[in-house]
Amino acid sequence: MSKPKFLVVGAGFAGAVIARELADAIDCHVDVIDVRPHLAGNAYEKTCSETGAKYHVYGPHIFHTNDARIYDYLSRFTEWLPYKHKVLASVEGVGDVPLPVNADTISLLTGKSIANAEELEVVLAEVRVDIPKPENAWEYALSYYGEQVSELFFRRYSWKMWGIDLRDLPVSVLARIPFRTGTNPYYFDDSFQSMPKAGYTSLIEKMLDHPRISVSLNVRFSKEMELGYSHTFCSMPIDEYYGFEFGELGYRSIVFEHRHGEQFPHEVPTVNFTDTGRYTRKTNWDLYPGLGGGCEALVTYETPCDYRENNMERYYPVKTTDGRFSKIYECYRDVSKANASITFIGRCGQYRYFDMHQVVANSLTIARRFLLARG
Ligand SMILES: Cc1cc2nc3c(=O)[nH]c(=O)nc-3n(C[C@H](O)[C@H](O)[C@H](O)COP(=O)(O)OP(=O)(O)OC[C@H]3O[C@@H](n4cnc5c(N)ncnc54)[C@H](O)[C@@H]3O)c2cc1C
């Protein structure tokens, strides 16, 4: 009997985990294709041809997880550099303040000294707007943080990032943003936080380095390819696969603008803008471990936009209060369930915002369920 052949569309984290799990588990052949000229999907990094600085092409990617199983799994393919992420927000007339919002942020904005969580509550009580049952994210923000913080950190950011007013977003969007009642300045609370020593591209390259796996870059998926395979695992956008039959899913994208040798008077690598301009944040790659290191600083500015304005580069699934895109996605998901020879994986295949650790966990589950069902 000939070996089973599997097709994996996309050489990002989702595709790489699936390919590796299949190759490790059974005597098979796995073909991985990607339309881009590189591995690692949106976690890809490269060296700037002008400055020699190493940077993440699709924006800074920080690895973090609370799941030791995921950290151990990836540690088979990389060593790590310790790194605990800190972010500051630049506020006109105030300076840099910590993000996520913590007691120091509120203290710097209000000019009041805050020694503990009780004092923070007193300061917040003075500015909170009384809205007993917030019906959207703006009302939630006002009821929790008051007008100044809501406007500076949430409303302007939401408008820049999503092109959506906070009034049109569900409460859940803000309810999951961390708020620190103490002075912890770190962005994540996870027990494992680090950057891969040789980079994400090397990590994915090692994951795909297996005698049962072949990788072809610069190859766009087309439906006739499926014929030669017993199963396809697909991380391409699910609406595109089905020819947009039920409508187009919404995605935000980001245009990255690189500046050489710019002054960067901040102590952390990424600084968010709270003004009404178009940039959401800027990054100095020299301040990330294992990155930067060019002849002059490389600073990258980010401007969010609709994905159709940026070469169809889909980065963030859009969630709205009316759930219009989720409903479209459910139509595609239901149709895909009826086809036993394809599984949609990853961010664009499942229309979910996954961080890297989440996409690894999700792909491991998908691969193991598939292998179990095969027997
Ligand atoms: C700006 C930004 C910052 C982020 N920061 C972080 C962070 O700090 N920490 C974190 O944990 N996560 C972060 N993420 C999320 C992280 O990028 C994702 O978790 C991860 O990339 C998802 O992997 P994936 O394989 O699902 O998708 P992708 O990485 O997008 O890979 C999918 C691959 O499929 C290929 N493909 C698509 N269509 C086709 C086709 N028709 N034919 C062939 N190939 C195709 C694409 O070219 C792509 O390479 C960030 C994401 C963005 C956009």
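Just so you know, ligand 1 is whichever comes first in the structure, and atom 1 is the first atom listed for that ligand.
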Taking 4.0 angstrom as the limit and counting only heavy atoms of [X], give me the atoms of ligand 1 inside it, by number and element.
X      : result
Gly346 : 26 (O)
Arg36  : 47 (O), 48 (C), 49 (O)
Val9   : 42 (N), 43 (C), 44 (N)
Phe354 : 15 (C), 18 (C), 19 (O)
Gly10  : 33 (C), 34 (O), 35 (C)
Val219 : 42 (N), 43 (C)
Ser235 : 32 (C), 34 (O)

Calculate, to the nearest 0.5 Å, the distance between atoms [atom1] and [atom2] belonging to [X] and [Y] respectively.
X      : Y      : atom1 : atom2 : result
Leu371 : Ile366 : CG    : CD1   : 12.0 Å
Ser90  : Asn272 : OG    : CG    : 9.5 Å
Trp159 : Thr276 : CH2   : OG1   : 12.5 Å
Ser214 : Asp31  : OG    : CG    : 5.0 Å

Can you pull out the closest protein heavy atom to [atom]? Residue, atom name and distance to 0.1 Å, please.
atom                    : answer
atom 14 (N) of ligand 1 : Tyr353 OH, 3.2 Å
atom 5 (N) of ligand 1  : Pro60 O, 3.3 Å
atom 8 (O) of ligand 1  : Ile62 N, 2.8 Å
atom 39 (C) of ligand 1 : Met236 CB, 3.7 Å
atom 36 (N) of ligand 1 : Val35 CG1, 4.0 Å
atom 30 (O) of ligand 1 : Arg347 NH2, 2.6 Å
atom 25 (O) of ligand 1 : Ala14 N, 3.0 Å
atom 17 (O) of ligand 1 : His61 NE2, 2.7 Å

Examine [X] relative to [Y] and say whether NZ or CZ is less than 6.0 Å from the centre of the six-membered ring and inside a 45° cone about the ring axis.
X      : Y      : answer
Arg128 : Tyr145 : no
Arg259 : Tyr301 : yes
Arg155 : Trp138 : yes

For the residue pair [X] and [Y], is the inter-centroid distance of their aromatic rings smaller than 6.0 Å?
X      : Y      : result
Tyr140 : Tyr144 : yes
Tyr71  : Trp80  : yes
Phe221 : Tyr241 : yes

Less than 3.5 Å between some nitrogen or oxygen of [X] and one of ligand 1, yes or no?
X      : value
Cys348 : no
Glu302 : no
Tyr315 : no

Going by the side-chain hydrogen bond (donor to acceptor under 3.5 Å, both in side chains) test, name the single residue among Arg281, Arg278, Lys160 that passes it with Glu302.
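By the side-chain hydrogen bond (donor to acceptor under 3.5 Å, both in side chains) criterion, Glu302 pairs with just one of Arg281, Arg278, Lys160: Arg281.
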Where does the angle between the aromatic ring planes of Tyr315 and Tyr58 fall among parallel (under 30°), tilted (30 to 60°) and perpendicular (over 60°)?
perpendicular
Out of [options], who gets a non-hydrogen atom closest to [atom]?
atom                    : options                      : answer
atom 21 (O) of ligand 1 : Ile18, Asn218, Asn42, Thr270 : Asn42
atom 46 (C) of ligand 1 : Asn362, Asp34, Thr65, Asp355 : Asp34
atom 40 (C) of ligand 1 : Tyr58, Tyr187, Phe221        : Phe221

Using 4.0 Å as the upper bound for N to carboxylate O, is an ion pair formed by Arg69 and Asp67?
yes
I'd like to know if [X] contacts ligand 1, where contact means a heavy-atom distance under 4.0 Å to any ligand atom.
X      : result
Tyr44  : no
Tyr316 : yes
Phe13  : yes

Indicate whether the side chain of His266 and that of Lys282 have a donor and an acceptor atom separated by less than 3.5 Å.
yes
